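Before any comments, here is the structure.
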Amino acid sequence: MTAKGAAPLSPWRFLFRHVRPRLLGHLLVFAAVLAAVLCSIAAQFGLKQLIDLIAAGPGGPAASAVWRAFAVLCLLIAADNLLWRVAGYAATHSFTATAGRIREALFAHLLGHSPSFFADRLPGALAARVSATAVSAFGTGNVLAWGVLPPAAAAFGAIIVTAHVHLGLAAGLAGCALCIGLVLFRMARRTTPLHRLHAQRVAALDGEMVDVVGNIATVRAFGAAWREQGRIGMAVEEEVASHRRSLWSMEWLRLLHAGMTVILVAATLAAGLWLWQQGRASVGDVALLATLSLTILNATRDLAVGLVELTQLSARLDEALRALLVPHALRDRPDAKPLRPGAGSIRLEGVRFAYPGRGTVLDGLDLVVPAGQKLGIIGPSGCGKSTLLALLQRFHEPDSGRILIDGQELGAVTLDSLHHALAVVPQDTAMFHRSVADNIRYGRPDAQMAEIRRAAAMAHCADMIADLPEGFDTVVGNRGVKLSGGQRQRLAIARALLSPAPVLLLDEATSALDSDSERAVRDGLEELIRDRTVIAVAHRLSTLQNFDRIIVLDRGRIVDDGTPSELALRHGPYREMLQQQQGGLVPDLPEAA
Ligand SMILES: Nc1ncnc2c1ncn2[C@@H]1O[C@H](COP(=O)(O)OP(=O)(O)OP(=O)(O)O)[C@@H](O)[C@H]1O
């Protein structure tokens, strides 16, 4: 993979890095192809020898010489065919393994990105690019092995054999082939931006389609299928236009090449006939020149096609790598150490944060949460509550100030160890397209089924799971679409219950529950928060009624701080929210003197 933080790799260096672990397998492919092509050229020479022996007539050379030449020719043809199969077998192993390795490595790199990377990009386009890179890498190996090396070797071998007939003719052919190759290669390179543009359009189109399919309920709800079709239609038109331009550039190159090779072959044949007229070439030599010039014709044509394909693949790889191998914005510092497990105290010192290009969200926040404290955060929408939870998970880095868990600064510990210390019930409790049991087990992969059942019971989802067609084995659908929002939240609570993390972050963990379900889940939550440090964002104050402390955030600052009963007894945002949510149940305060 890229050195984290380094500039994106060139496609060729990237490929070589992933080929290296299977270098022998790849070399075997290329060596077998090379040997097969040389056998095929040698077979043409063997045929010339046989023709010359036969042309001398039955009374000429000994019959044994003819049969010997015949046997050599047969051996060369057999070796040629066998070597292709050896190359094919080696390629099936090496090329597929390398493509798989690349897919895995890119996916691993993708998972290392911070959430802000994904916020700016379409997931479908990213997945499409991972696949496009693996497919392009596989294609590059194939084109090199079957499309570039054989014609290059064939042209080279044919020129060497031609030298046996006439040195000057061979030198002329070599010069012409080199010129053709160089001209075509330079022209092919100039078409790179066209292929890259096409790759970008394909990825963007894939991303758009996945985005629409992922939001199909909204599309239907607004009767917007035709509108989306129109949008995709326009994107398809752009993709088709860029594809056409990319293919056209190849066709022009092929046309140019066709003209050059026809002239080249005609000239070689004419030279052969002239040499024969002068008595300086045998019948076999003329036959050899005919087949060799055809070999060169086919070889330079195949080479041109192969080189252009290679240019296309390299452009596609380049485009995908530029999009994927963006250095990770958040990564472990070189001196990062695993978080030393503690009781889970949290401290924020002068934390200031703004999203890029946006106004300040947290404005010099100071906060100390002793281990085991249950802290609720409330405040108006957009005041920075979820952002605070995101900073605690180190999804973003504060612009200034520091955050410490158990006395250790977040930036100084490894991300993995930090995330093991945190259990999270997020606002958006999307599930994986896996079974209910697997979704709960995500909190602790080694959890036994009995523990999963217990967690489900504590989160009050056992009955709901029992009602599902296959119980714990029911697959919950894309992002958990087959469950209600409340059911998903209960599963998310069960998942967090399994995690042994000392710090629990709850982001509106009960927002999707109706009052009855919330009451039912509250027992589960009580269990969940026991013996842990808890920071919970909630709009519904009933969730926080048993908490030790509540802070009120407004415009990135703490504007009130106290126990729920203290806050209920003084004028302020908490009391206002309480009055809104509980109406007449909140007693009036005595008028201030
Ligand atoms: N990824 C992001 N990029 C840019 N701005 C963001 C991003 N996420 C949130 N914001 C902005 O930061 C501000 C704080 O958002 P945040 O989600 O923390 O608010 P909140 O208090 O949790 O709101 P709510 O109660 O509605 O969930 C908002 O103005 C929001 O538009």
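No experiment lies behind these values; they were computed from the predicted model shown. Residue numbers start at 1 and run along the sequence shown. Order of appearance sets the numbers: ligands from 1, and atoms from 1 within every ligand.
Protein heavy atom nearest atom 9 (C) of ligand 1, with residue, atom name and distance: Y355 CE1, 3.4 Å. Protein heavy atom in closest approach to atom 16 (P) of ligand 1: T387 OG1, 3.5 Å. Looking only at protein heavy atoms, the nearest one to atom 26 (O) of ligand 1 is S381 OG, 2.6 Å. Taking atom 31 (O) of ligand 1 as the reference point, the nearest protein heavy-atom neighbour is R358 NH2, 3.0 Å. Closest protein heavy atom to atom 17 (O) of ligand 1: S386 CB, 3.7 Å. Looking only at protein heavy atoms, the nearest one to atom 27 (O) of ligand 1 is Q427 NE2, 3.4 Å.
Residue-ligand proximity, G384 to ligand 1, at heavy-atom distances under 4.0 Å covers atoms 14 (C), 18 (O), 19 (O), 20 (P), 21 (O). Residue V361 approaches ligand 1 through these ligand atoms, each under 4.0 Å from one of its heavy atoms: 12 (O), 14 (C).
R347 CZ: 12 or fewer foreign heavy atoms inside a 6.0 Å radius. Within 6.0 Å of atom CD in E566, more than 12 heavy atoms from other residues, nucleotides or ligands are found, so the atom counts as buried in its surroundings.
With 3.5 Å as the limit, one finds a donor-acceptor pair spanning the side chains of D507 and S386.
Between E508 and K385 there is no salt bridge, since no side-chain nitrogen of the basic residue lies less than 4.0 Å from a carboxylate oxygen of the acidic one.
Partners of E239 by side-chain hydrogen bond (donor to acceptor under 3.5 Å, both in side chains), not counting sequence neighbours, listed by chain and number: H198.
Contact annotation for K385 and ligand 1: heavy atoms of both the backbone and the side chain come within less than 4.0 Å of the ligand.
When the heavy atoms of G382, G359, A390, A538 are ranked by distance to atom 29 (O) of ligand 1, first place goes to G382.
The shortest heavy-atom distance from C383 to ligand 1 is under 4.0 Å.
Side-chain rings of H396 and Y355 approach one another, their centers coming within less than 6.0 Å.
Of the possible polar contacts, none joining the R103 side chain to the A99 backbone as a donor-acceptor pair under 3.5 Å is found.
Under the 30°/60° scheme for interplanar angles, the aromatic rings of H109 and H113 are found to stand perpendicular.
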